[in-house]
Amino acid sequence: MARRNQSNNGQMSIEDVQKRKKNLIPRGSKYNKLKSNSYESVFDTKNGKEWRVTTPKGKFERNKEELASGKNSFTGEKLTDFQRGQRVGYNRALGEQANFHKGKQKK
């Protein structure tokens, strides 16, 4: 949860609101099946902008590439040990989920 700025009488600052809205799909957006793929989902907003959301498979592939190169794909900075651990853990958890799902389907 975002911290409230005390100078605004308990109200959230503009920066906090923008950070929270960054991950939300705008209301009234429609899923665009033609532009979407297995790596990202694309939504068209009412004002004509595209909103792209990475799917778990897309995040898995991005993490795999970042681990191989050792650099963050957005900033180009070297990954810290903590960041490498997060990416390995996320990919390992997705692999376990996939194996569980495949095992349930075979029966």
Side-chain angles (χ1 to χ4, degrees):
M1 184 171 213
R3 279 192 250 157
R4 295 185 184 267
N5 190 346
Q6 296 300 325
S7 63
N8 291 340
N9 297 329
Q11 298 295 321
M12 293 176 67
S13 67
I14 293 173
E15 294 83 20
D16 291 338
V17 172
Q18 289 173 345
K19 285 178 188 175
R20 290 185 76 194
K21 285 186 175 181
K22 188 168 94 173
N23 296 326
L24 300 175
I25 299 168
R27 183 173 283 171
S29 300
K30 295 190 178 182
Y31 179 71
N32 188 332
K33 197 171 189 177
L34 296 174
K35 294 181 182 177
S36 298
N37 56 38
S38 62
Y39 297 101
E40 65 182 2
S41 299
V42 180
F43 296 86
D44 292 327
T45 61
K46 289 181 180 178
N47 59 0
K49 293 184 180 178
E50 285 184 358
W51 197 268
R52 296 179 178 270
V53 180
T54 307
T55 62
K57 182 178 179 180
K59 191 171 181 184
F60 178 87
E61 291 295 327
R62 186 178 73 218
N63 286 347
K64 193 166 84 172
E65 291 172 7
E66 287 180 353
L67 287 168
S69 68
K71 293 183 179 181
N72 187 322
S73 61
F74 294 111
T75 62
E77 297 175 359
K78 185 178 178 182
L79 293 176
T80 64
D81 290 339
F82 179 75
Q83 291 170 327
R84 292 179 69 83
Q86 283 182 316
R87 285 156 175 77
V88 167
Y90 181 85
N91 286 1
R92 192 173 291 158
L94 276 183
E96 290 173 1
Q97 287 178 348
N99 291 338
F100 177 74
H101 181 70
K102 289 176 186 176
K104 281 180 69 175
Q105 286 185 334
K106 288 179 184 177
K107 293 180 182 178

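Residue numbers start at 1 and run along the sequence shown. Values below: all heavy atoms of this structure, side chains included; hydrogens, waters and symmetry mates excluded.
Note: Glu40 CD to Glu61 CD = 13.0 Å, rounded to the nearest 0.5 Å. Note that CH2 of Trp51 is 14.0 Å distant from OG of Ser41, once rounded to the nearest 0.5 Å. Atom NZ of Lys71 is separated from atom CD of Glu77 by 11.0 Å, given to the nearest 0.5 angstrom. His101 NE2 to Leu94 CG: the interatomic distance, rounded to the nearest 0.5 Å, is 13.0 Å.
In this structure, Arg52 and Val42 approach most closely via the heavy-atom pair NH1-CG2, 3.3 Å. Of all the heavy atoms in Arg87 and Asn63, the pair that sits closest is CG-OD1, 3.4 Å. Residue Thr54 comes nearest to Gly58 through the heavy atom pair CG2-C, 3.6 Å, listed as atom of the first residue, atom of the second, then distance. Looking at every heavy atom in both residues, Gly28 comes nearest to Lys46 through CA-CE, 3.8 Å.
Residues Glu50 and Asp44 meet the side-chain proximity criterion, which asks for heavy atoms closer than 4.5 Å.
A donor-acceptor pair under 3.5 Å is absent between the side-chain atoms of Thr45 and the main chain of Ser29, judged by distance alone. With Thr55 contributing its side chain and Ser38 its backbone, the two residues share a donor-acceptor pair below 3.5 Å.
Cluster membership for Val53 and Tyr31, using ILVMFWY side-chain heavy atoms within less than 4.5 angstrom, is shared.
Within 6.0 Å of atom CG in Asn47, more than 12 heavy atoms from other residues, nucleotides or ligands are found, so the atom counts as buried in its surroundings.
Residues Arg62 and Glu65 are not paired through a salt bridge, judged by the lack of any N-O separation under 4.0 Å between the basic side chain and the carboxylate.
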